[in-house]
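Structure first, commentary second.
What's counted below: heavy atoms across the whole structure, side chains too, no hydrogens, waters or symmetry copies.
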Amino acid sequence: MNFEISVLGSGAGDSAVYNALPSSGFMLLADGQPFCLVDLGLGVGQQVLEAFGGFPKQIIITHNHSDHAGELPVVLRVEQAQGRKLEVISHCEVAEQLKLHRVAEHLQLITADELADWRSPETAETIDLAHGLDITFYPGSHSEFSCGFLVRRDGEPLLSYSGDTTLVPELYTLLDEAEVFIMDARPKPNRWHASFEDVKPWLDRGRYILGHGLNEQNAKQYKQDGWPLLWQGDRIAFGN
């Protein structure tokens with residue numbers, strides 16, 4: 001089976017509102033077919049519909065910020081009303097935040113458990129994904145509880161994503177085991193995100209930066225300067 005990542009956006013918190021750029025997120029594909037969406041922030045849903053015609057059964061959410069989960073309540077409610085109950089896969093603490101705050105707009109009409117199937121492991125607990133893959137969540141350091149994750153097949157680490165976090169060497173060392181490691185980073189350092197210079201020592205073959213919040217022109221310049229940035233429409237193979 002051939003696995004791919006399809007990048008849907010690389011925006012920061014203000015990108016969708018002020019620059020009409022979709023938030024950072026990507027789709028997992030197996031033999032060209034989408035099966036799992038990673039994050040559903042502002043602007044991502046339209047990209048999913050344009051690229052794939054609909055939402056997959058599984059949605060991974062790394063944390064509750066609007067650029068990672070902002071469109072989740074709308075999509076869950078529409079799909080549920082059409083008879084499709086989606087799976088939301090997230091760390092148990094993230095799931096509690098999503099149930100309490102993110103989907104609160106629906107809770108007078110429907111419970112969170114009626115709205116979606118919540119699969120919510122604890123730190124370092126492994127659960128199954130589709131197609132023989134499994135996933136394990138590990139917390140980062142961010143303004144709200146946020147997790148990276150590691151996807152394995154038969155114990156082999158294939159794909160990892162840092163989610164939003166400052167540089168946490170222990171987390172990065174763990175995620176660096178994967179064949180493909182996607183890091184969130186910003187051009188300049190700030191309190192809650194790693195910078196390009198922070199992650200530079202980790203950049204090697206199969207290592208990429210997502211979530212940079214740049215416009216297309218600036219991203220192109222950084223790419224020309226050798227930074228392995230991901231942009232909407234990029235595809236990466238893994239586990240093949």
Side-chain angles (χ1 to χ4, degrees), residues 3-12 22-30 34-41 44 47-48 56 58-65 67-69 72 88-91 93-94 119 121 123-127 129-131 133-142 144-153 156-186 192-194 196 198-199 202-213 227-232 234-239:
F3 292 106
E4 284 183 294
I5 300 156
S6 178
V7 179
L8 299 167
S10 58
S23 301
S24 54
F26 53 93
M27 186 74 76
L28 304 184
L29 312 175
F35 69 91
C36 185
L37 174 63
V38 177
D39 283 339
L40 184 47
V44 170
Q47 302 306 313
V48 171
Q58 298 180 326
I59 301 176
I60 295 167
I61 301 293
T62 59
H63 64 295
N64 182 45
H65 282 167
D67 56 331
H68 292 262
L72 183 67
V88 180
I89 302 170
S90 63
H91 187 283
E93 291 191 37
V94 174
R119 302 185 61 206
T123 299
E125 178 185 356
T126 298
I127 62 171
L129 288 177
H131 303 296
L133 303 176
D134 58 53
I135 187 169
T136 312
F137 290 98
Y138 302 97
S141 176
H142 193 49
E144 187 167 348
F145 187 86
S146 178
C147 283
F149 61 77
L150 185 59
V151 173
R152 299 180 179 91
R153 179 178 56 191
E156 179 184 0
L158 302 182
L159 170 67
S160 61
Y161 178 42
S162 70
D164 278 5
T165 181
T166 58
L167 181 67
V168 180
E170 297 82 4
L171 173 64
Y172 270 56
T173 298
L174 183 64
L175 301 183
D176 197 43
E177 297 176 5
E179 171 191 332
V180 170
F181 178 13
I182 298 175
M183 310 169 201
D184 176 274
R186 309 299 159 101
W192 300 118
H193 298 91
F196 287 5
D198 287 337
V199 304
W202 303 89
L203 297 179
D204 200 347
R205 183 177 180 183
R207 274 69 189 127
Y208 303 91
I209 295 173
L210 180 70
H212 41 83
W227 295 97
L229 302 184
L230 296 176
W231 191 257
Q232 180 183 346
D234 289 346
R235 288 203 176 195
I236 305 166
F238 70 97

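- Without hydrogens or angle criteria, T165 side chain to S141 main chain gives a donor-acceptor distance under 3.5 Å.
- Scanning all heavy atoms of the two residues, the minimum distance from S90 to P121 falls at O-CD, 3.2 Å.
- Listed for the R205 side chain is no donor-acceptor partner under 3.5 Å among the backbone atoms of E179.
- Results of the side-chain contact (heavy atoms from CB on, under 4.5 Å) test with L210 over I182, L229, D39 single out I182 as the only residue that passes.
- Classification of the H142-H193 ring pair by plane angle, with boundaries at 30° and 60°, yields perpendicular.
- Nearest heavy-atom pair across S6 and R235 is OG-NE, 3.8 Å.
- Within the 4.5 Å cutoff, the side chain of P157 has heavy atoms near those of the L150 side chain.
- In this structure, the side chains of V180 and Y208 come closer than 4.5 Å at one or more pairs of heavy atoms.
- With ring centers used as reference points, W227 lies under 6.0 Å from F196.
- Between I135 atom CD1 and C147 atom SG the span is 10.0 Å, to the nearest 0.5 Å.
- Checked by atom type, the side-chain pair T136/T126 shows a donor-acceptor distance below 3.5 Å.
- In this structure, the side chain of R119 does not engage the main chain of I127 through any donor-acceptor pair within 3.5 Å.
- Of the possible polar contacts, one joining the S162 side chain to the D184 backbone as a donor-acceptor pair under 3.5 Å is found.
- Counting only heavy atoms from C-beta outward, the side chains of S160 and E177 never approach each other to under 4.5 Å.
- Of all heavy-atom pairs spanning S146 and G163, the tightest one is OG-C, 4.5 Å.
- Looking at every heavy atom in both residues, S24 comes nearest to G211 through CB-CA, 3.8 Å.
- Taking CH2 of W231 as the reference point, atom CG of L8 lies at 13.0 Å (rounded to 0.5 Å).
- For the residue pair F35 and A130, the shortest heavy atom distance occurs at CD1-CB, 3.8 Å.
- Without hydrogens or angle criteria, H91 side chain to E93 main chain gives a donor-acceptor distance under 3.5 Å.
- Of the N and O atoms on the side chains of H68 and D164, at least one donor lies less than 3.5 Å from an acceptor on the other residue.
- Counting heavy atoms from C-beta on, the side chains of I5 and V38 never come closer than 4.5 Å.
- With hydrogens and angles disregarded, no donor-acceptor distance shorter than 3.5 Å links the side chain of R207 to the backbone of M183.
- Taking CG of L37 as the start and CD1 of I61 as the end, the distance is 7.0 Å to the nearest 0.5 Å.
- Taking every heavy atom of both residues into account, T166 and Y172 meet most closely at O-CE1, 4.4 Å.
- Ring planes of F149 and F26: tilted class, angle from 30 to 60°.
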